[in-house]
Amino acid sequence: MAGPSHDPSLYRPRDIVPVRRALVSVSDKTDLLVLARALADAGVEIVSTGSTAATVRDAGFAVTDVAAVTGFPESLGGRVKTLHPGVHAGLLADLRLEDHERQLADLGIAPFELVVVNLYPFVETVASGASSEDVVEQIDIGGPAMVRASAKNFANVAVVVSPESYPAVIEAIAAGGTSLVQRRELAARAFSHTAAYDTAVSTWFAEQTLAEGDLPAHLTIKAERLSTLRYGENSHQRAAIYTTTGGHGIAQATQLQGKEMSYNNYVDSDAALRAAFDLIKPAVAIIKHANPCGIAVAAPQALDPIASAHLRAHECDPVSAFGGVIAANRTVTLKMAENLRDIFTEVIVAPDFEPEALEVFRLKKNLRVLKLPADWRQEPMDVRLVSGGLLLQDADRFPDKIESLVDGWELVTGERPADEDLMNLSFAWKTCRAVKSNAIVLAKASATVGIGMGQVNRVDSCRLAVERAGDRAAGSVAASDAFFPFADGVQVLLDAGVRTIIQPGGSVRDAEVIDAVRAAGATMYFTGERHFFH
């Protein structure tokens, strides 16, 4: 249904609007009293609700309660306060129209020229792990209604949704009023604010649906541009980094030093996190062009576990590690920083850094150092854009405990390895998931020694992994992200001295593959689960 229309000739011009009456209701009380003082000094009537009114009144400023405006008390535990014509007529009246001005006078309602509202802390409540009931109570109804009404009526009303806008608004009030340009800009921010809020609420409901085992019928993704990048994957492509509402990933990391992050830096850093944070023990992943060139956990009894993990990861492929991106799943220590002193590295990302490590990194001025947000975690769902739409899937994850992982495997030939070897096999299986398909990982003592990735057939990936491992292939374990369609790939591994292989199984030629492993006196496990990564 179409909204009301008006004859353009009826509108009276209105640029500067003096502020005589302000509606203030905020959850974020940052600089609230600074604003209140400025409004009081300018003779502006402050109309307010609940805790906002109490805070302003306790500071000694005059406040008119919303209940005095509406003639209706706050009710239902505060759910109903401002949803009343006495408020919304004062927000929506377009005083460029004589008819609106007359109707307000007839109704005895005074207009608002300023609305300062920020919404209930819904995102923060979700992040705190609160119960569903508490989360639902933080779904603001009256706040978004006031923000949207005021933003629609920007010709007459200035709407403020963030304390960041207070200084400019205070300056405008002192100078005689807000301008049309300023009010339009504030309205744009307001609509973006409510859109982000609604997206956060919608996303939470979608996640409840996911938790119940179904995928949402509707999916809303809201992102805000964080910065424009120099260029995209290639120099002729435009690019920017956006943050999603409630995000807690690489886009929310804090850059502590170094050159501006590039598009490819972000892609590789995210891939490095995927590899390093699958592992429970102190681990480091080194990434080049979105693929690992080394992943390792700390050696047993290492004095500095994260430094040990880095050295072991670097040994896998030192040539490819040149100019790589590194992720550590523990605090980066001084020792690890010293190990990196002579290794050209583009980015290092970790949960934290020892102050002494940062001092070493400052000598490498171009090195980008990223600290993960305190609430960093891997997302429960993967989203990928395709032409005309997007794909949504559960994120590919492993159980935290090795027992939960190993119990699902089937020993199809050979002897059960010792517990230490099973740990190595588990490491190989987990790290294989971080390698682009077709993926083959060779590992010893929970460190990669050879990686084959991104080939169009599995036998070539086997050859590549063996070639990179060299003599280290002998006695290693091998993991394959998907089944072997023929015995030829397995034979490449066996001929190089691989003694244990883990793969999903499920090929029509599984028996042929098992026979080849048995003939070599080696061991093979089937997992029943593949881990493609395209």
Side-chain angles (χ1 to χ4, degrees), residues 223-234 237 239-244 247-279 282-296 306 309-310 313-314 316-317 320-332 336-337 339-340 343-353 357-358 361 364-379 382-385 395-397 430-431 433-436 448 451 453-454 533-534:
E224 182 177 349
R225 191 177 70 192
L226 179 64
S227 65
T228 300
L229 306 177
R230 288 177 60 199
Y231 53 82
E233 203 162 7
N234 299 291
Q237 295 172 269
I241 175 74
Y242 290 76
T243 58
T244 54
H248 37 246
I250 193 65
Q252 285 74 34
T254 301
Q255 184 168 353
L256 303 181
Q257 73 159 59
K259 295 195 299 185
E260 175 188 350
M261 288 284 287
S262 72
Y263 180 96
N264 291 333
N265 289 155
Y266 278 113
V267 171
D268 285 345
S269 297
D270 207 37
L273 292 180
R274 173 187 175 99
F277 281 78
D278 259 344
L279 303 167
V284 167
I286 306 172
I287 299 293
K288 195 76 168 290
H289 301 304
N291 261 311
C293 46
I295 308 172
I306 203 65
H310 168 253
H314 185 78
C316 178
D317 189 353
S320 298
F322 179 84
V325 169
I326 296 174
N329 68 356
R330 297 290 195 281
T331 297
V332 171
M336 180 176 169
N339 292 342
L340 277 165
I343 300 172
F344 172 51
T345 302
E346 290 278 3
V347 184
I348 181 166
V349 55
D352 207 350
F353 299 84
L358 293 176
F361 289 149
K364 300 164 71 73
K365 294 183 179 180
N366 290 334
L367 172 65
R368 303 161 178 90
V369 178
L370 299 185
K371 180 180 177 180
L372 292 172
D375 64 345
W376 183 86
R377 65 181 186 272
Q378 292 178 306
E379 299 290 351
D382 286 336
V383 179
R384 179 175 295 188
L385 295 178
D396 192 7
R397 297 287 180 262
K430 282 188 171 184
T431 55
R433 186 190 74 85
V435 179
K436 293 292 183 77
T448 57
I451 303 174
M453 77 289 281
F533 177 35
H534 291 104

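We count residues from 1, following the sequence as given.
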Is the number of heavy atoms from other residues, nucleotides or ligands under 6.0 Å of Arg384 CZ greater than 12?
no

Can you see which heavy atom on Ala276 is nearest to which on Asn329, and at what distance?
O-ND2, 3.4 Å

What's the separation between atom CG in Asn291 and atom CG in Asp268, rounded to the nearest 0.5 Å?
9.0 Å

CD (Gln378) and CZ (Arg397) are apart, to the nearest 0.5 Å, by 4.0 Å

Euclidean distance, Leu279 CG relative to Thr431 OG1, rounded to 0.5 Å
7.0 Å

Any donor-acceptor pair under 3.5 Å from Thr243 side chain to Ala251 backbone:
no

Quick one: closest heavy-atom pair of Trp376 and Ile250, and the distance?
NE1-N, 4.2 Å

Candidate pair Leu372 and Val349, rule side-chain contact (heavy atoms from CB on, under 4.5 Å), full reasoning
CA-CA 7 Å; Leu372 292 172; Val349 55; 3.7 Å; yes

Kindly say whether Ile343 contributes a backbone atom to a donor-acceptor pair with the side chain of Lys364 at under 3.5 angstrom?
yes

Close side-chain approach of Leu358 to Gln257, heavy-atom, < 4.5 Å
no

Taking Lys288 for the side chain and Cys293 for the main chain, is one N or O donor matched with an acceptor at less than 3.5 Å?
no

Please determine whether salt bridge (Lys or Arg N to Asp or Glu O under 4.0 Å) holds for the pair Lys371 and Asp352, giving the CA-CA distance in whole Å, both sets of side-chain angles, and the decisive distance to 0.1 Å.
CA-CA 6 Å; Lys371 180 180 177 180; Asp352 207 350; 3.6 Å; yes

Looking at Gly258, is its backbone amide N or carbonyl O close enough to the side chain of Asn366 to form a donor-acceptor pair, meaning the two atoms are under 3.5 Å apart?
no

Closest heavy-atom contact between Ala285 and Ala272?
CB-O, 3.8 Å

Quick one, Asp396 and Phe533 - any side-chain contact, counting heavy atoms below 4.5 Å?
no

Would you call Ile326 and Met336 a side-chain contact if the rule is heavy atoms closer than 4.5 Å?
yes

Distance (rounded to the nearest 0.5 Å) between Ile306 CD1 and Asn339 CG:
11.5 Å

Could you tell me whether Lys436 atom NZ has more than 12 heavy atoms of other residues or ligands within 6.0 Å of it?
yes

Side chains of Gln252 and Leu226, heavy atoms from C-beta outward: is any pair under 4.5 Å?
no

How close do Met261 and Val347 get, counting heavy atoms only, and between which atoms?
SD-CG2, 4.1 Å

How far does CZ of Arg368 sit from CD of Glu260, to the nearest 0.5 angstrom?
8.5 Å

Heavy-atom check, side chain of Ser269 versus side chain of Tyr266, under 4.5 Å
no

Please walk me through it: do Phe361 and Ile348 pass side-chain contact (heavy atoms from CB on, under 4.5 Å)?
CA-CA 10 Å; Phe361 289 149; Ile348 181 166; 4.0 Å; yes

Please step through side-chain contact (heavy atoms from CB on, under 4.5 Å) for the pair Ile451 and Asp317, ending with a clear verdict.
CA-CA 9 Å; Ile451 303 174; Asp317 189 353; over 6 Å; no

Please report the shortest heavy-atom distance between Met453 and Pro292, naming the atom on each side.
CE-O, 3.5 Å

Tell me the closest heavy-atom pair linking Ala321 and His314, and the distance in Å.
CB-ND1, 3.6 Å

As an exercise, state the distance from CG of Leu273 to CG of Asp278, rounded to the nearest 0.5 Å.
11.0 Å

